[in-house]
Amino acid sequence: RHNPEFTMLEFYWAYADVNQMMDFCEEMIRATVFKVLGHTHVRFGEHDIDFSQGFDRLRMSEAVIRYWPEEWSGLGGERFESGWLMDSKRLREISLFPATLASEIVTHIDINEVDSKNVERRLGSDEVIQSAWRRVQNQTREPDLLQGSDEMKLALRLADVFGEVAENRLVKPTFITDFPKPISPLSKGSPSDPSIAERFELFIAGMECANGFSELNDPEEQYQRFKDQVERRERGDEEAMVMDEDYIRALSYGMPPAAGIGIGIDRFVMLLTNRQSIRDVILFPHMRPPRKREEPVQSGNEEA
């Protein structure tokens, strides 16, 4: 499947679940690397990635804990701990912190500074970090403007923290699992924990390369999930899904348990060819929208 932004390989596997799909994905990626390169070591930028080793598997919350920066461990005199990821107040604070810290750093930049090491040391200092944390705490005293249920807010903020803290550091092939169910509208819920979905994303060199899950095949639950997405979209979330009546109708006829996956071909080709820009490998480059027949050609501005 192709659109102007990406090329995807997508398929379902009937009577399989998310764990079987992860196993299959790992085997397929490893075999493809060997088939293309003749070996399983990929050089990508400064990284040497070994696909012969078993891929890591981390829950989203585990990845945040593993890659939480040590210099952020004592915010406000309190040591960061895993419980913060389940506390709505704490999670709101740490989801705001990276952007607030970036803003705080800007205020400390001296354009006349010539010693880059001194600049780096000063900007990473505890003084700057604690100042940003105080600003965050002042922000969180104001009403919470994020729309949605408490469960949705927790889900969105955990995903934001993961993106800021862990995503770019996932160089070795790593499956991130246990996504919050509210941000996984097509995924079956976990029977052991109803708050999470049977979903994974594969990250390599800091890039999301695949997304898979146990498919939700209950038409009534899927309809309600779509309704929740529509409500989010009406509140301004452009990434929320629209109602898909055809899909609901197809599910109502019957669908076996299945696992599904989408693999980003363009990003995978980037890895195999050591290209840092997707523009170097994308199959169909972005093009300007076609001019309507009745629109006049602007002399000097219209490309052939």
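In what follows, residues are counted from 1 in the order of the sequence shown.
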Listed partners of Glu164 passing side-chain contact (heavy atoms from CB on, under 4.5 Å), at least two apart: Pro98
Side-chain heavy-atom pair Glu245, Phe226 within 4.5 angstrom cut-off: no
Exercise: do Gln222 and Asp218 side chains pair donor with acceptor under 3.5 Å: no
Candidates Ser214, Ser187, Ser184 - the one meeting side chain to side chain donor-acceptor pair (under 3.5 Å) with Arg199: Ser184
Flag side-chain contact, heavy atom, 4.5 Å: Ile29 against Phe268: yes
Near-ring test Phe97/Trp133, centroid separation under 6.0 angstrom: yes
Salt bridge (charged side-chain N to carboxylate O under 4.0 Å, His left out) partners for Asp246, two or more places apart: Arg249
Pair Asp144 + Arg157, salt bridge at N-O below 4.0 Å: yes
NZ/NE/NH1/NH2 to OD/OE distance under 4.0 Å, Lys188 and Glu215: no
Under 3.5 Å side-chain donor-acceptor pair for Ser195 and Glu151: no
Pairwise side-chain contact, Ile94 with Phe80, heavy-atom cut-off 4.5 Å (strictly under): yes
Contact summary for Asn217 and Pro257, nearest pair of heavy atoms: ND2-N, 3.5 Å
Within-4.5 Å side-chain heavy-atom neighbours: Val281 and Arg267: no
Check: Met60 and Asp178 side chains under 4.5 Å, non-hydrogen atoms: no
Side chain to side chain, Glu93 and Arg90, heavy atoms closer than 4.5 Å: yes
For Arg57, salt bridge (charged side-chain N to carboxylate O under 4.0 Å, His left out) partners two or more places apart: Asp23, Glu26
Side-chain touch Leu170/Asn168, heavy atoms, less than 4.5 angstrom: no
Ser103 versus Arg135, closest heavy-atom pair with distance: OG-NH2, 3.2 Å
Pair Arg141-Asn138, side-chain donor/acceptor within less than 3.5 Å: yes
Side chain to side chain, Leu186 and Met241, heavy atoms closer than 4.5 Å: yes
Crowding at CZ, Phe11 (>12 non-hydrogen neighbours, <6.0 Å): yes
Proximity of Phe203 and Phe162 rings by center, below 6.0 Å: yes
Ser131 and Glu104 side chains, donor-acceptor separation under 3.5 Å: yes
Salt bridge present between Asp56 and Lys172 (N-O < 4.0 angstrom): yes
Side-chain H-bond candidate by donor/acceptor type, Ser73 with Arg79, under 3.5 Å: yes
